Amino acid sequence: MGGVGEPGEAPAQPGAPLPTFRWEQIRQHNLPGDKWLVIERRVYDISRWAQRHPGGSRLIGHHGAEDATDAFHAFHQDLNFVRRFLQPLLIGELAPEEPSQDGAQDAQLVEDFRALRQVAEDMELFEAKPAFFALLLGHILAMEVLAWLLIYLFGPGWVPSTLAALVLATSQAQCWCLQHDLGHISVFKKSQWNHVAQQFVMGQLKGFSAHWWNFRHFQHHAKPNIFHKDPDVTVAPVFLLGESSIEYGKKKRRYLPYNHQHLYFFLIGPPLLTLVNFEVENLAYMLVCMRWTDLLWAASFYSRFFLCYSPFYGLPGALLLFVAVRVLESHWFVWITQMNHIPKEIGHEKHRDWASSQLAATCNVEPSLFTDWFSGHLNFQIEHHLFPTMPRHNYRRVAPLVKALCAKHGLKYEVKPFLTALVDIIGSLKKSGDVWLEAYLHQ
C-alpha cells in the first residue's frame, strides 16, 4: 500500500502500489475542471474525461468528491465494460482508516441496500420480458393507426377529430413511458439496442431528441429534487418549490405573485410544458449540441404527422390538431410525473447516501391495472428511483423488499391514493407560495 497521496496525482501505473487518500483531500476536488469521485473505495480523477462521459459531464460531475458506488451500479448495465473506461482514471484508493462514505451517512443502511440489490439480481428482477415491451409498442402503433382511421372513415368533423386527438394524446403519453424504459436500458440486454430503439420511439413517434431527454432525465435521477442538479425542480422564478420559497421571500424577490402560484399553475403548467418548454428546449439542444441524427428523426415525425393529416384538414387544421394533442399530452406528463416528487422534500444538496436521497424525494401511488398502465408504472416511483435499470414489470415484486428495508431503518415508505397524489401537487404549490409570502412580508 502506498502512502497518503497528494493532489495532482497522476493515474496509477499497473502493478504499482496505489496512493491512499483521506476524505478531506477528496473534498477539495469538486470544482469545474477538477473533479474526483470514489467508486468501491477507489479514487478516480474524472476532470478531463467528464466531457466524454456518455451521460454528460453534468451527470457525473454531480457526484464530485462523493462516494458514487451506488449511482455507478444504478445507472450502468454492464459494469465490467464500464470499468474499462475507469481504469485509466484511477489515481488511488481510500486510506484503510477512512469510511467508505463521507459525512454522517448510515453505513448499515448502505450495506443493507447493496444486499437488497444483490437479492434483486439473484431473483432476476433486472431481466426484461420481451413480450411485455412488444405489446407496449404494438398498442402504441395501433393507436396511431386508429386515430388516422377515425379521420379517414368519418371525416374531419368535431367528434372524430376530438376522438382522434384523445387517442393520439394517449399514444404520445405511452410513447413517453416506452422511451423512458429504453433510456434506462431496461428493455434489451445490449445498451446499443436500447439506444437505437429509444431514438426511434422518441424521434419518429414523438418528434424529440433521445439525447436531450437522457441529458436532463439522468440528472433528475442522480440528484432528485436538488436545486441546480435536478432540472425538474429548477423552475424558479416561474414557480417556487421547497427551500427556494424562503430564499426568494427573504431576498424580497417578487417576479410573479407566488402566493397564487397554485392557481396560475393551471394556466401555464400542464397546458404548456410539452408544447412550449420542451419543444423549445429540445430544438435548442439539438442545434447547440449538433445532434443532427436526432434532428432528422424529429423531422421524420413532423413529416409523417403533417402528411397524414394535412389532406383532411389542410396545413392550418393539421397544425391545430398537433397543438391539441401536445396540450392534452402535456397535462398527462405534468400530473403523472410530478405527483411523486413536488410534494416531497425539495432543496439544496444534503450529500445523503443513494437510498436515503431517493426516498426523501419520491413517493408511490397505490397500484391498480389502470394506474400501472396509465402512469407507465411510475406509480412505483420509489422502486424506479432505487433501481433505474430494472424493467418496470418487476416493480411489484421488489416493492415488499424495499418496504422491509425502509421499516428496518425507520425510513418513510409513502404510498398515496391516485387522486390524493394529484391534489397534493396543488397543496404543495400553495404551501410554498404561503411560505414565500410570509418570508416576503416579514421585516
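Throughout, residue positions are numbered sequentially from 1 according to the sequence presented. Owing to the predicted nature of the structure, the values given are computational and were not obtained by experimental measurement.
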Salt bridge K206-E329, side-chain N to carboxylate O under 4.0 Å: yes

Any side-chain heavy-atom pair of F208 and W176 under 4.5 Å: yes

Heavy-atom pair with the smallest gap, counting every atom of H63 and L37: O-CB, 3.7 Å

Side chain to side chain donor-acceptor pair (under 3.5 Å) between Q219 and D230, intermediate numbers included: CA-CA 6 Å; Q219 292 183 72; D230 179 359; over 6 Å; no

Between R326 and Q172, a side-chain donor and acceptor under 3.5 Å: yes

Residues E121 and R117 bridged, charged N to O under 4.0 Å: yes

Plane angle bin for H220 and H385 - parallel if under 30°, tilted between 30 and 60°, otherwise perpendicular: perpendicular

Presence of salt bridge, E383 and R397, under 4.0 angstrom: no

Trace of the side chain to side chain donor-acceptor pair (under 3.5 Å) decision for N379 with S375: CA-CA 6 Å; N379 51 320; S375 68; 3.0 Å; yes

R304 bridged to E144 by N-O distance under 4.0 Å: yes

Side chains of F380 and I382 in contact at under 4.5 Å (non-hydrogen atoms): no

H384 and Y395: side chain donor to acceptor below 3.5 Å: yes

H62 and H221: CA distance, side-chain angles, deciding distance, ring-ring contact (aromatic ring centres under 6.0 Å, His included) verdict: CA-CA 11 Å; H62 290 338; H221 269 273; over 10 Å; no

Ion pair check, K350 and E66, cut-off under 4.0 Å: no

Ring pair (Phe, Tyr, Trp, His ring centres under 6.0 Å) partner of H184, the single match among F218, F75, W213, F126: F218

Check ion pair K223-E349 (N to O, under 4.0 angstrom): yes

Side chain D78, main chain F81, donor-acceptor under 3.5 Å: yes

Ring centres under 6.0 angstrom apart (W436, Y258): yes

Side-chain heavy atoms of Q261 within contact of S432, under 4.5 Å: yes

Lys/Arg-Asp/Glu bridge criterion (N-O < 4.0 Å) met for R396, D372: yes

Name of the residue among R41, R27, R114 meeting salt bridge (charged side-chain N to carboxylate O under 4.0 Å, His left out) with D67: R114

Worked check of side chain to side chain donor-acceptor pair (under 3.5 Å) between H139 and W373: CA-CA 12 Å; H139 97 297; W373 168 79; 3.1 Å; yes

Distance, nearest 0.5 Å, that separates OG of S330 from CZ of F278: 7.5 Å

Intermediate values then yes/no, side chain to side chain donor-acceptor pair (under 3.5 Å), Y313 and S161: CA-CA 10 Å; Y313 295 99; S161 295; 2.6 Å; yes

SB check R253 E247 (cutoff 4.0 Å): no

pair W193-I185: side-chain heavy atoms closer than 4.5 Å: no

Side chain proximity check, K35 to N30, heavy atoms < 4.5 angstrom: yes

Inter-residue atom distance S357.OG - R352.CZ, 0.5 Å rounding: 7.5 Å

Minimum side-chain heavy-atom gap W212-R216 below 4.5 Å: yes

